[in-house]
Amino acid sequence: MLLQTRAPVASRVATRSERVAVPAPVLRASTVAVAPAVGATCTTQSLVACKRSSWRPSVVAQAATVEASRQYEAPGKGLSQVNVVYKFGGSSVRDAERMREVADIICSFPQYLPCVVLSAMGKTTNLLLECGDLALRTATDKIGDLSPLKIIRQLHLATCDELAIEPAVRAEVDHLINELQQLLIGISIMQDLTPRAKDSLVSFGERLSTRIFASYLRTKGVPARQHDAWDLGLTTTDDFTNADVIYEASLPAIAAALAPKPGQQAELPIVTGFLGRGQHTGAVTTLGRGGSDLTATVLGAALELPEVQVWKDVDGVLTSDPRIVPTTRPVTELTFEEATELAYFGAQVLHPQAMQPAIRSGKMNVRVKNSYNREAAGTIISAHRDLDCSLVTSIVLKSNVTLVDIISSRMMGQYGFLSTVFDAFRRHKISVDVVATSEVSVSLTLDPKKICGAPEDELHQLQSELSKIAGVSYRKGLAILSLICNVEKTSEILMRAFSVFQREDIKVLMMSQGASKTNISLVVDGARGVEAVKALHREFFDGPSVCSKTANGNGHSNN
């Protein structure tokens, strides 16, 4: 993960406002009081673990006291059309306190009328998936006793009480949770959790969080309306659990749904992330884990906006994983290609597909911001940036990969070798990460976590099939080091990288330079992966830069 851990408010990153279509706003200080603790035995953090009979009167009383004095100034006064999309992840809306903070962030930028995309609260999606797995081995009359279901119920109803939301919405939340329980009973009866049922199951997280948050804004005087994304027209393929957006159907429908209504007051749209509606089945679909980022950029593209802001619990993209390299530093700018490569190779920046709507738009930027540190400039992601002073932008480590070597001298001079090889991978539904080829051989890496079915069985079947035309061997437990870099300077990058490997006695088993011109991938022994990342980070970010334009005037600057 190349995202900075939570930073103190005192930290600052210089903004590059001249690169941003929407000017960076002047931030006002938050005037929101922090909610007091609910008591010695039932704190705000531990509400979900408390018995409702023991804490609810206290919670409701304190919530009424705190919320009665809290009011926000609605953003976007004088505006009738949404002019920015904000997306907030699960940790940003994990409980009532964080929802209050998100509301304050939204109302801190009066020049914006935002469309707000929300993920499920905290770990709700994981809890929903756990409910589904448990329902397969739980009697129908015991479904209501499932521990994760109880946690979900308690979390959302406690949040309703703490935020003192509208009674009708609290009743709707209670109804949705009962509907969730009925779905789990159906899974228990059928003894089958199909991909379609799984998508319906996990949809409850976003459906609950958006209803609670929209109601909270209304109680504080901010006009807001909750929308399930499919009601706005977000249409997808029927590939349950990992559907693709059908842009031709979705973009015009969303634009029409969110267009200003003559004579009506402008309202903040509060939209479910992650969800869509299947084009042919009409069933609920999901865009894959992290798909709320994609929802946000689809909405931005539909509304032809200049910027989408993805608010996370981190300051932005870093030069490497801070859990590996404590001295990582923020990356102020990225291109869409760089961000896509980072996401593909495991950096939890944005959903891998989230850049596609921005690229299609041709005029929309994406900014990664920190909901815990709103004054940090974050990372701006755009179509182009000045790479003259750039060598290596970020270093990603992807562990536990398998290297497959396929060699066949019998195929020399014959066509169809690579076609036969990759057709076998297609039939076995095995995704390939990095590839290096010659006329008679191909080496490639696989992520075992992405293999459908049991990895060992699938690899054995693949090996048996390919052994008819080639020799096949595997090496497991390896690591990919991906240098997101300016490959116009490949010679210097490789010279310095291999000097590091020689000095540290680290063997490179395979190398590949992608056609994207932003990535050089190196495969090494998994046991040396962390060590290699640290050494490369010292070389490229503590060593001399290729840039002659220096800030310190001595002819050198850090990357």
Side-chain angles (χ1 to χ4, degrees), residues 82 85-90 93 99 102 114-121 124-125 128 152 156 159-160 165-166 168-180 182-183 196-218 223-238 240-247 249-259 261 267-303 351 357:
V82 166
V85 175
Y86 297 154
K87 181 264 177 177
F88 292 91
V93 291
M99 282 196 173
V102 167
C115 173
V116 181
V117 177
L118 296 186
S119 296
M121 293 181 66
T124 298
T125 300
L128 288 165
I152 290 169
H156 289 85
T159 302
C160 289
I165 71 166
E166 299 154 317
V169 174
R170 189 187 190 283
E172 185 178 4
V173 167
D174 198 26
H175 175 77
L176 278 173
I177 296 172
N178 290 333
E179 188 178 315
L180 164 63
Q182 292 303 310
L183 175 59
R196 178 169 176 166
K198 185 176 290 187
D199 275 2
S200 181
L201 179 65
V202 298
S203 74
F204 282 91
E206 275 76 1
R207 292 160 69 187
L208 289 166
S209 65
T210 51
R211 282 165 170 79
I212 293 171
F213 187 70
S215 176
Y216 174 65
L217 287 177
R218 290 194 296 269
R225 181 181 296 273
Q226 189 274 347
H227 300 274
D228 292 323
W230 57 75
D231 287 336
L232 295 178
L234 204 158
T235 306
T236 73
T237 60
D238 294 289
F240 297 105
T241 73
N242 195 26
D244 291 324
V245 175
I246 300 175
Y247 290 96
S250 299
L251 298 188
I254 292 168
L258 294 179
K261 306 296 187 292
E267 298 174 312
L268 272 63
I270 311 299
V271 184
T272 57
F274 179 52
L275 306 176
R277 181 80 76 183
Q279 184 179 34
H280 299 298
T281 62
V284 175
T285 56
T286 62
L287 306 177
R289 295 302 294 265
S292 295
D293 296 338
L294 178 54
T295 302
T297 54
V298 167
L299 292 171
L303 298 173
H351 188 281

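When a residue number appears, it is its place in the shown sequence, counting from 1.
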Next item on the list: Look at the rings of Phe88 and Tyr86 and say which category their plane angle falls in: under 30° parallel, 30 to 60° tilted, over 60° perpendicular.
Entry: perpendicular

Checklist line | For the student: nearest non-hydrogen atoms of Leu287 and Ala243, plus distance | finding: CD2-O, 3.7 Å

Notebook entry, point to check: Any side-chain heavy-atom pair from Asp244 and Gln279 closer than 4.5 angstrom?
Noted result: no

Note to self: Evaluate Leu258 against Val82 for side-chain contact (heavy atoms from CB on, under 4.5 Å), listing each step before the verdict.
What the structure shows: CA-CA 8 Å; Leu258 294 179; Val82 166; 5.6 Å; no

Next item on the list: Mind checking the CG-CG spacing from Asn178 to Leu183? Nearest 0.5 Å is all I need.
Entry: 12.5 Å

Notebook entry, point to check: Quick check: does any side chain N or O of Ser250 sit under 3.5 Å from a backbone N or O of Thr235, one acting as donor and the other as acceptor?
Noted result: yes

Checklist line | Donor-acceptor pair, side chain of Thr210 and main chain of Thr272, under 3.5 angstrom | finding: no

Note to self: How long is the straight-line distance from CZ of Arg196 back to OG1 of Thr281, given to the nearest 0.5 Å?
What the structure shows: 5.0 Å

Checklist line | Where His280 and Asp238 come nearest, the two heavy atoms and their spacing | finding: N-OD2, 3.1 Å

Notebook entry, point to check: Considering residues at least two apart in sequence or located in another chain, which fulfil the side chain to side chain contact (heavy atoms under 4.5 Å, CB included) criterion with Pro223?
Noted result: Ala74, Gln265, Glu267

Note to self: Looking at Phe274, is its backbone amide N or carbonyl O close enough to the side chain of Thr295 to form a donor-acceptor pair, meaning the two atoms are under 3.5 Å apart?
What the structure shows: yes

Item checked: Listed partners of Ser203 passing side chain to side chain contact (heavy atoms under 4.5 Å, CB included), at least two apart -> Arg207, Leu275, Val284

Check: Taking atom NE2 of His156 and atom OG1 of Thr124, what is their separation to the nearest 0.5 Å?
Finding: 4.0 Å

Checklist line | Residue pair Phe204 / Glu179: nearest heavy atoms and the distance that separates them | finding: CZ-OE2, 3.9 Å

Notebook entry, point to check: Measuring from Leu208:CG to Met121:CE, what's the distance to the nearest 0.5 Å?
Noted result: 9.0 Å

Next item on the list: Ignoring hydrogens and angles, tell me if any N or O in the side chain of Ser209 forms a donor-acceptor pair with the backbone of Glu206 under 3.5 Å.
Entry: yes

Check: Looking at Leu234, Ile254, Leu232, which hits side chain to side chain contact (heavy atoms under 4.5 Å, CB included) with His227?
Finding: Leu232

Item checked: Closest heavy-atom pair and its distance - Pro114, Leu268 -> O-CG, 3.7 Å

Next item on the list: Sort out for me which residue in Arg170, Gln226, Glu166 forms a side chain to side chain donor-acceptor pair (under 3.5 Å) with Ser215.
Entry: Glu166

Next item on the list: Mind running side chain to side chain donor-acceptor pair (under 3.5 Å) on Asp199 and Thr286 for me, showing each step along the way?
Entry: CA-CA 6 Å; Asp199 275 2; Thr286 62; 2.8 Å; yes

Next item on the list: Taking all heavy atoms of Tyr247 and all of Pro252, pick out the closest pair and write down the distance.
Entry: O-CD, 3.9 Å

Note to self: Nearest 0.5 angstrom please: Lys87 NZ to Thr297 OG1, how far?
What the structure shows: 10.5 Å

Next item on the list: Not counting sequence neighbours, which residues clear side chain to side chain contact (heavy atoms under 4.5 Å, CB included) with Ala171? List them please.
Entry: none

Note to self: Go through it in stages, so that I can follow the logic: the residues are Cys160 and Val169, the test is side-chain contact (heavy atoms from CB on, under 4.5 Å), and I'd like the CA-CA distance, side-chain angles, deciding distance and then a yes or no.
What the structure shows: CA-CA 9 Å; Cys160 289; Val169 174; 6.0 Å; no

Next item on the list: Measure the CG-CD1 distance between Leu217 and Ile212 for me, rounded to the nearest 0.5 Å.
Entry: 12.5 Å

Next item on the list: Locate the shortest heavy-atom distance separating Ser119 from Gly89; write the atom from each residue and the value.
Entry: OG-CA, 3.7 Å

Item checked: Verdict with reasoning, Leu128 to Leu180, per side-chain contact (heavy atoms from CB on, under 4.5 Å) -> CA-CA 9 Å; Leu128 288 165; Leu180 164 63; 3.6 Å; yes

